[in-house]
Amino acid sequence: MDFPIETVRGKFPALDLTDKGRRRIYLDNPAGTQVPQAVADAVARCLLTTNANLGGYFETTLAAQKVFDDAHAAMADFLGAASAEEIIIGANMTTLTYHMSRTLGRGFKPGDEIIVTRMDHEGNVSPWLQLAEDLGLVVRFLPFDEKSWQVEETALSALLTDKTRLVALNYASNLTGSINRVKALTAIAKQAGAVVYVDAVQFAPHGLVDVQDLGCDFLVCSAYKFFGPHMGILWGRRDIIDALKPYKCRCSSNGLPERFELGTPQIELMAGLTAAVDYFAELGAAAGEGGSRRQKIAKAYEVSIAYENPLALRLIECLSDIEGLTIRGITDPERVSERVPTVSFTVDGIVPETIVRQMNAENIFLWSGHNYAWEIVHQLGIPAEQGVVRIGIAHYNTAAEIDETLESVHRVIAMLRQQRA
C-alpha cells in the first residue's frame, strides 16, 4: 500500500503551525518527535477526569489505576514483553538507567568488569562509569568499526572475560544512525555470563523491538522519541528483576513493577503513552492488519520503514554531492536497512552550528553538537564543542520537506564559504 502520509500528518496538529506565515519543517526528531492529537487528548482527559493517586476505593483512584495498568500493558505489546509486570515506567531513560545501575551494582564487587561502547548515548555510558568508580569495577570500552559503522561481534568477543558482569549496548546510534546486530552481540555476551542492557531509544521510533527474540536482560526506550509524552520505559526480564533488591521506600509496594517505580506515577503521561502505542496500532490497522495490537504495531513499522528509507536515501544521496561534506554513518544504499533515518555530517572548514543557525532561521528545525554521543565524536576525532549537523526523519516528514531542506543545505554552505573567502 502507499503510505497514507496526508492522513498521518493530519493527526499531528504541530505540523500545521506557522511562524509569521512561515511553515515549520521538523527534522529535530532524534531529540523528540511531535505528538498526535490523540496523545494530547489522553493526557488532558486523564487530568480532567481521572486525577487521583493510586490505592484507594473511590472512582477517580480506580480509574487512575486502570490508566496505570493500561500503560504497562500497552508497552508490553509495544516491546514484545512476556508480561506487563516486566515494564517499568519512569521519568526518562537516563534516570531509569541510573536507578537500575545502582540496583544491579548491589551484586557487583571490586574487580568485576563491565563493558560500555563508544557508540552509545551518554545515558548508557555515564551511569556505568560512575558505578564502576563507586564500586572499584573495571571498565572496558568497546569501539565501533569505522568502516561498517557498527559494533562488531569479534570486537566484543575480544573484550569479554570470566570477570565480565555487564555489557551495555545501543540498538541504534543517535548520531550515525547505525543499527547494531543486538541479537548476535547479546548471544555472545550471554555465553560469557554477562547481563546485557540495551538502549533502544533511537531504534524504537523506526523499528519493531522484540525483547524476547533479542535475548537481552534489560532494554530502555523513550516515549517522546516515538510520538508520545516525556517518559522513559525500561523492560526487564522477569527472572532478573524479580531477584533484584531495588532502592525504594520501606513502606512502598514490593510488587512488580511498582517496587522499581519510585514515588507517585506520572499517571496523566501514562495515559498519553497508551495513546502513542495505540497510534501505531491504528496505523497498522489502516494498512490492513486485523490481528492483535502487537501485530498491528508490527505492520505499522513495516509500512513506516518502507516510507522512511527512500527519504533517507534521497537525503544521503544529495548531501553526498556537496564537496567537502562528510556523512558520519552508513551511506551505501544496499545497507539502508542497517540504519535509522538519522543523518549527521560535517563540512570542511565550517562549524556545524553556523549551518544550523541559518537553517533554523528558515524554520527548518535540526540540531548541531555532540548530541550526547560523547564517545562517538571522540573516537572520530570530531571536536566535541562543535559536533555535527544532525537531520532526523520521522514518518510524518514528506519528500517535499526533504527536498526543501537539501536546497537550504546547499545554499547555506555556499553562502558560508563565500563569506569565509
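One is the number of the first residue; the rest follow in order along the sequence.
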Stepwise side chain to side chain contact (heavy atoms under 4.5 Å, CB included) test for M359 and L27:
CA-CA 11 Å; M359 295 182 66; L27 291 169; over 6 Å; no
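- Remark: side-chain polar atoms of T61 are not paired, donor with acceptor, to backbone N or O of Y57 under 3.5 angstrom.
- R357 CZ: 12 or fewer foreign heavy atoms inside a 6.0 Å radius.
- In this structure, the side chain of R328 does not engage the main chain of I376 through any donor-acceptor pair within 3.5 Å.
- Taking 4.0 Å as the cut-off between side-chain N and carboxylate O, R238 and E85 count as a salt-bridged pair.
- Listed by first and then second residue, the side chain to side chain donor-acceptor pair (under 3.5 Å) pairs that reach into residues 279-293 are D77-R293, D278-R293, Y279-H395, S292-Q295, sequence neighbours excluded.
- Here the side chains of V67 and T274 are not in contact, with every heavy-atom distance at 4.5 Å or above.
- The environment of D332 atom CG is dense: over 12 non-hydrogen atoms of other residues, nucleotides or ligands sit within 6.0 angstrom.
- With a 6.0 Å radius and a threshold of 12 heavy atoms from other residues, nucleotides or ligands, W149 has its CH2 atom above the threshold.
- Formation of a donor-acceptor pair under 3.5 Å by the E113 side chain with backbone atoms of T161 is not found in this model.
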Run the numbers on Q65 and D69 for side-chain hydrogen bond (donor to acceptor under 3.5 Å, both in side chains), then give the verdict.
CA-CA 6 Å; Q65 183 65 54; D69 294 339; 3.0 Å; yes
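- Checking side-chain atoms of N92 against main-chain N and O of L96 turns up no donor-acceptor pair under 3.5 Å.
- Residues R390 and V343 form no side-chain contact, since every pair of their non-hydrogen atoms from C-beta on lies 4.5 Å or further apart.
- Between P127 and T97 there is a side-chain heavy-atom pair separated by less than 4.5 Å.
- Checked by atom type and distance alone, the side chain of R140 never pairs as donor or acceptor with a backbone atom of I114 at under 3.5 Å.
- Taking Y396 as the reference, F12, F227 meet the ring pair (Phe, Tyr, Trp, His ring centres under 6.0 Å) condition, with sequence neighbours excluded.
- Between the side chains of N53 and T264, at least one donor N or O sits under 3.5 Å from an acceptor N or O.
- The stretch residues 216-233 participates, sequence neighbours left out, in these side chain to side chain donor-acceptor pair (under 3.5 Å) pairs: K190-D217.
- At distances below 3.5 Å, at least one donor-acceptor pair connects side-chain atoms of Q150 with backbone N or O atoms of I179.
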How far apart are the C-alpha atoms of I25 and E404, what are their side-chain angles, what is the distance that settles it, and do they pass the side chain to side chain contact (heavy atoms under 4.5 Å, CB included) test?
CA-CA 9 Å; I25 296 179; E404 190 170 348; 3.9 Å; yes
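- Looking only at distances, no side-chain donor or acceptor of T186 sits under 3.5 Å from a matching main-chain atom of K183.
- Between Y98 and L131 the shortest side-chain heavy-atom distance does not fall below 4.5 Å.
- With sequence neighbours excluded, the residues satisfying ring pair (Phe, Tyr, Trp, His ring centres under 6.0 Å) with Y197 are W128, F218.
- Here the OH-CG distance, from Y247 to L262, works out to 12.0 Å after rounding to the nearest 0.5 Å.
- Both the sub-6.0 Å distance and the 45° axial angle are satisfied by R118 relative to the ring of F141.
- More than 12 non-hydrogen atoms from other residues, nucleotides or ligands lie less than 6.0 angstrom from NZ of K248.
- With hydrogens and angles ignored, the 3.5 Å screen pairs a side-chain donor or acceptor of N371 with a backbone N or O of G369.
- Between S304 and L283, the closest heavy-atom pair is OG-CD2, 3.7 Å.
- Counting non-hydrogen atoms of other residues, nucleotides and ligands closer than 6.0 Å to CD of E59 gives a total of 12 or fewer.
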Output, in order, the C-alpha distance, side-chain angles, deciding distance and verdict of side chain to side chain contact (heavy atoms under 4.5 Å, CB included) for N397 and E308.
CA-CA 8 Å; N397 291 122; E308 289 177 350; over 6 Å; no
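- Salt-bridge check for D16 with R24: failed, with every basic side-chain N at 4.0 Å or more from each acidic carboxylate O.
- One distance of note links CG of D120 with CG of N170; it measures 4.0 Å at 0.5 Å rounding.
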Step by step, work out the side chain to side chain contact (heavy atoms under 4.5 Å, CB included) result for R335 and S148.
CA-CA 10 Å; R335 297 184 62 206; S148 70; 4.2 Å; yes
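- Between R45 and E268 there is no salt bridge, since no side-chain nitrogen of the basic residue lies less than 4.0 Å from a carboxylate oxygen of the acidic one.
- Ionic pairing of R237 and E86 is not present here: no N-O contact between side-chain nitrogen and carboxylate oxygen is shorter than 4.0 angstrom.
- Comment: E152 engages R181 in a salt bridge, judged by a side-chain N to carboxylate O separation of less than 4.0 angstrom.
- Under the 3.5 Å distance criterion, the side-chain polar atoms of R165 are left unmatched by any main-chain donor or acceptor of G193.
- Residues M270 and D70 fail the side-chain proximity criterion, which asks for heavy atoms closer than 4.5 Å.
- A donor-acceptor contact closer than 3.5 angstrom is absent between the side chains of E401 and Y26.
- Considering every non-hydrogen atom in both S173 and V340, the closest pair reads O-CG2, 4.4 Å.
- Atoms CG and OG1, from L62 and T60 in turn, are 8.0 Å apart once rounded to the nearest 0.5 Å.
- Between F226 and F280, the ring planes are perpendicular. Angles over 60° get that label, and only those under 30° would be called parallel.
- Here the closest non-hydrogen pair linking D19 and N363 is OD2-ND2, 2.9 Å.
- Side-chain contact between S178 and E338 is absent, with no heavy-atom pair separated by less than 4.5 Å.
- Partners of P383 according to the side-chain contact (heavy atoms from CB on, under 4.5 Å) rule, which considers only residues two or more places apart in sequence or in another chain, are E385, Q386.
- Side-chain atoms of R339 and I316, non-hydrogen and from C-beta on, do get closer than 4.5 Å to each other.
- Smallest separation of non-hydrogen atoms from C221 and A200: CB-O, 4.1 Å.
- A275 and A38 make their closest contact through CB-O, 3.7 Å (heavy atoms, listed as atom of the first residue, atom of the second, distance).
- Expressed to the nearest 0.5 Å, how far CG of L315 lies from CD1 of I327 amounts to 7.0 Å.
- Residues H72 and E261 have side chains that bring a donor and an acceptor to within less than 3.5 angstrom of each other.
- No donor-acceptor distance shorter than 3.5 angstrom exists from the side chain of D112 to the backbone of V138, with no hydrogens or angles considered.
- Contact annotation: the side chain of Y372 never approaches that of L175 to less than 4.5 Å [non-hydrogen atoms, C-beta and beyond].
- Applying the ring pair (Phe, Tyr, Trp, His ring centres under 6.0 Å) rule to H99 yields no partners; only residues at least two apart in sequence or on another chain are considered.
- Distance CD/E375 to CD/E122: 6.5 Å, rounded to 0.5 Å.
- Across all their heavy atoms, A384 and W374 have their closest contact at CB-CZ3, 3.5 Å.
- For the atom pair S253 OG and L54 CG, the distance stands at 10.5 Å (nearest 0.5 Å).
- By the 4.0 Å N-to-carboxylate-O rule, R9 lies too far from E6 to be salt-bridged with it.
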